[in-house]
Every structure is written in structure tokens, then in C-alpha cells.
Amino acid sequence: MKNELEKTEKFPSRIQKHIIPEHEGDVVYECISCGETFSIDQFLYTCPACSSLLRLNDRDFKLLKKIPGPVWHEIFDYRKMLNTEALKGVFLFKELLFPTVPLQDIIYLGEGHTPVVRSNRDLSRYIGMEFFVKNDGLNPSASFKDRGMATAVSFINFSIRTRGLKEVLGICASTGDTSAAAALYLSYLDRNIVKSVVLLPQGKVTPQQLSQPLGSGATVVEIPGVFDDCMRVVEELAERYQVCLLNSKNPVRIMGQKSYAYEIAQQLDYRTRDLVVVVPVGNAGNVTAVMEGFLDLYRLEIIPDLPFILAVQSRHANPVAVWRSTGQYSPMKVKPSVAQAAMIGDPVSFPKVRKLVDEHFNELFMTVEVEEQEIIEGMLRANSHGHVVCTQGGESIAGLRKAVLQGIVKKNQTVVVDSTSHQLKFSNFQDMYFKNAYPEEYEIKSREIYVNKPVQLEACSETIAGFLKLKEKQGA
Ligand SMILES: *Cc1c(COP(=O)(O)O)cnc(C)c1O
Ligand SMILES: [Zn+2]
């Protein structure tokens, strides 16, 4: 800490008193329908008065407006130089994220500040323009879910200390990555107080995603059905038993996930004019958080404009895209999708999306629908040009390509594509493609140009050299 102080003495004087965040805020749960507010000295997920969704609202947010936008740039940029652990992750933006949780309670496992990687020439040509991938697969459990889990589990840690809780059962339903993140973050807390349970749809998460919560020591329950069935059971449990729900219905998760937007702004030096952010949509927590995050920045004049949001869905799970094109929302029955983590027919956060679009984003919110074939090939194409994106990243990329073709996204715009997890989590879908082994419902047929397989040769340099020459002649 002493070194830290010496370091901050060299920072511009106008930011010195802000460099370690002091704003505590007056954070309450607030119902998005009836507007009722509730104290955060309890775990709540829906409004006790009307059952709608809750958001967290800092009633002192206006105090942050006393600091001009350009000074905020300096605060966040200089803060990056500190080595205070609590501020190394998503809580770098603590004032906007969850100001009430003090530094001492923050759990940091290395989340956030994921890289933004430029598309190379070949990939840009394929898409029709240059773009960036912000790869959230480079988080500790290899998906963006770690952002929200960092705030949710820090809040649990804070609640245990301040409320003297003796027993907490953390529980979630998952398409795979929520459970991996929840189990990881909960396993860092005191085992005698905190237990974790995850519910997964049997056979509908990848082997890697199943191994993660098992490795973290969580109780893993597999049930028949799809994600929507798991969610229903978990909600019933949360209503009847004293548990802490870690799904994105829990508004504390959304708080952490807003950091994705803050980071994009910071990585672009806060120049958001003509920015397009491409997001795959499943339960719609991520796209909600991204919009809320940019809205915070806009209100504090940290950025000059709100960006365009391009929400991408597979035709096999497209309730939000249908709503956007027809004006009607109805839950749907999903079909199998390689973008399995987004295979959700009745997104929990849809009411938040609708409200944010109606009140703030309007025509800045666009949707595009893609085919399964386009999703998997979007992923394979990107990964053969230096990226490590998952199938949902492939979905974003396929969505961008379509939007460029349709003229929805224009070449002079700056595009950041969200790859929500790491390639390795979904390698089984790559395997199925290379083996042309997709069950019919996926509607995917392998095409030679994307297929790659290992070759078995003798341990002999001449044979190998001969083989490579042959391959060269074939122009492969
Ligand atoms: C959870 C998840 C999604 C979907 O995000 P939502 O917030 O549910 O819309 C997309 N991709 C990956 C890898 C995920 O884990
Ligand atoms: Zn209410």
C-alpha cells in the first residue's frame, strides 16, 4: 500500500482524491414495473410487490455527475496502473458497478479487461469490413459470466460479514457457463458457510462445461429437459427455500456484466461515435448489461454517444429477433443450436431489454437472425485467422456478416464483436463439423473448405516431406 501511495502522488492532482473510490452510493433494489424499492440487506430476485424483475439503482448516481467526463477518463485510466487487487478486475469501475461493496469484500479471481483483437485482412474481406473481437473467453472460467459472478459473489461475501450469515446456499440453472462461473467463485468463499449447487439440462452442456463445476466441488444436478426447465425448478427452489439465486435474474449479476461496456469504451479511448457492438442473445442478461453499461457512461458524459447494439440470434432460438421484426413477443420452443449457450426460448431479461429499447436505444437496437450453418462456419472462419472464439462468438460474427451484406452496418463504423466464451469450451461442435456428424435437427452439412483432420504418417521425415509437397501441389 505504501508504494501505491507514492505512485498516486505522481498522478494529476485533480484525480488524486478519486483514485481509490470513495463513493458508496445509496444502492437499492428497484422494480422495473411498479418502481417500488427494497433494501439490499436481503437477497431478492423479483419484486415482492408485483413479481416483476428488479434492477439495482444507485440513488446517489447524480453525485457522480460532479466529476466531468474527461476527468473520469483519467480516473479509470490511471487506476489501471494500481496493483490494489480489488480494483484489478471489473471493480476498476466500482463507482458505476456496485459502489456499496467495500474494497475489503471484493473477490477478484482475474476477471475482466479482456483483449480487443483486430480482424486480419482475409477475415475482414470475408465479413466485408474490418472489425474487432473482444474475447470474453479469456476470463478465468473462460466466459463473460465471470464478470457478473464477481459482483454477485462479492455481494454474498459482503452480506456474510455485515449480516453475520452462517449458511448460504448458492444455486443456479445453466446452459453450462453460469454454473462454471458460479461454482468457481463460490468455491473461493468459506466452505463452512457457502455451498454451491448447479442444475444442468442433461446432455445439453459440453463435456468441458460439465467438468468445470465438478472440478470446483459444486453439487451438480442433471435433469431431463432444456435450460428453460432447469430455470423453472431453480425459481421454485428460490421461492421456497433460503437460497441465493445466481442466475442473471439476480440483478447483482447484471451490475458486473456492465463492465464489458465500460471496457470497450476505455479500450477505444472513449470514442464511441459510430460504434456498433455485436452481442449474441440467449437469456438476454448480457445484452441488458451492455446497454445499461453504455447508458451509465452516456449519462455521466464519459462517452459522447450511445452505440448501436446488434443483437444476434439463431433461427432455432430467436424470440427477441421475432419481437423486433414483428412487434410481438412470445416465448418459443427452441430447436438444437450450436450456439447452445444462447439456446433459450423465453429469455428472463426480455422485459429489461424491451424497456431499455423503448426508453433509450430505440432504433439503435437492431437484431439479425442467422442459420446454424452460418454460425459454425463463422466460428471456424474466424478461428482459422487468429481468433479463439466460441460458437456464440461465431454467431456474432455471422450476424455481423449478414448485417454488413444487408447494409445495416456500414463500413465507416467501428465494430466490436462479443465472443462470449472460449473456443475450447465448444470444441465438440468443431469435431462434429469436421466429421460431418451433425444430427439432422441442426441442419448443418460440412463443407470441404472448412474441414481439417489430423493425418497419421510414419515417423519418417521423407514421408512427411513427401506428404507436405503433395499437399502444396494440391493447393491446400
Ligand atoms: C450465457 C451465455 C450466452 C448468452 O448470454 P445471455 O446473457 O444469456 O443472453 C452467450 N454465450 C455464452 C458463451 C454464454 O455462456
Ligand atoms: Zn413491482
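Read the numbers this way: they start at 1 and go in the same order the structure lists the ligands and their atoms. All of these numbers come straight from a predicted model, not from anything done at the bench. FYI, the numbering just counts along the sequence from 1.
- Taking any N or O of Pro280, backbone or side chain, none lies under 3.5 Å from an N or O belonging to ligand 1.
- Of the N or O atoms in Thr420, one or more lie within a sub-3.5 Å distance of an N or O in ligand 1.
- Protein heavy atom in closest approach to atom 5 (O) of ligand 1: Phe144 CZ, 3.5 Å.
- Inspection of the Gln373 and Glu377 side chains reveals an N or O donor paired with an N or O acceptor under 3.5 Å.
- Heavy atoms of Ala341 found under 4.0 angstrom from ligand 1 belong to the backbone as well as the side chain.
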field: Derivation and outcome, side chain to side chain donor-acceptor pair (under 3.5 Å), residues Ser187 and Ser216
entry: CA-CA 6 Å; Ser187 73; Ser216 298; 4.6 Å; no
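- In this pair, Tyr433 and Tyr450 present their aromatic rings perpendicular. The plane angle is above 60°, beyond the 30 to 60° band.
- Only one option out of Glu369, Glu443, Glu372 pairs with Arg315 in a salt bridge (charged side-chain N to carboxylate O under 4.0 Å, His left out); it is Glu443.
- Among protein heavy atoms, the minimum distance from atom 8 (O) of ligand 1 is reached at Asn283 N, 2.7 Å.
- Using bins of under 30°, 30° to 60° and over 60° for the plane-to-plane angle, the ring pair Phe43/Phe155 lands in the perpendicular bin.
- Checked by distance only, ligand 1 and Asn286 come closer than 3.5 Å through their nitrogen or oxygen atoms.
- Annotation: Gln257 places no N or O atom under 3.5 Å from an N or O atom of ligand 1; distance criterion only.
- For Tyr329 and Phe350, the ring centers are positioned less than 6.0 Å apart.
- Judged by the 6.0 Å distance and 45° axis criteria, Lys258 is not positioned over the aromatic ring of Phe93.
- Tyr262 and Asp296 share a donor-acceptor pair across their side chains, judged by distance under 3.5 Å alone.
- Less than 4.0 angstrom separates some heavy atom of Lys145 from each of these atoms of ligand 1: 1 (C), 2 (C), 3 (C), 14 (C), 15 (O).
- Residue-to-ligand polar distances keep Cys390 apart from ligand 1: every N/O pair is separated by 3.5 Å or more.
- Not a single heavy atom of Ser248 lies less than 4.0 angstrom from ligand 1.
- The angle that Cys34 SG and Cys50 SG make at the Zn ion (ligand 2), rounded to 10°, works out to 120°.
- The shortest N or O to N or O distance between Asp177 and ligand 1 is below 3.5 Å.
- The atoms of ligand 1 that sit less than 4.0 Å from any heavy atom of Gly285 are 6 (P), 7 (O), 9 (O).
- Proximity of Tyr29 to Pro251: side-chain heavy atoms (C-beta onward) are separated by under 4.5 Å at one or more points.
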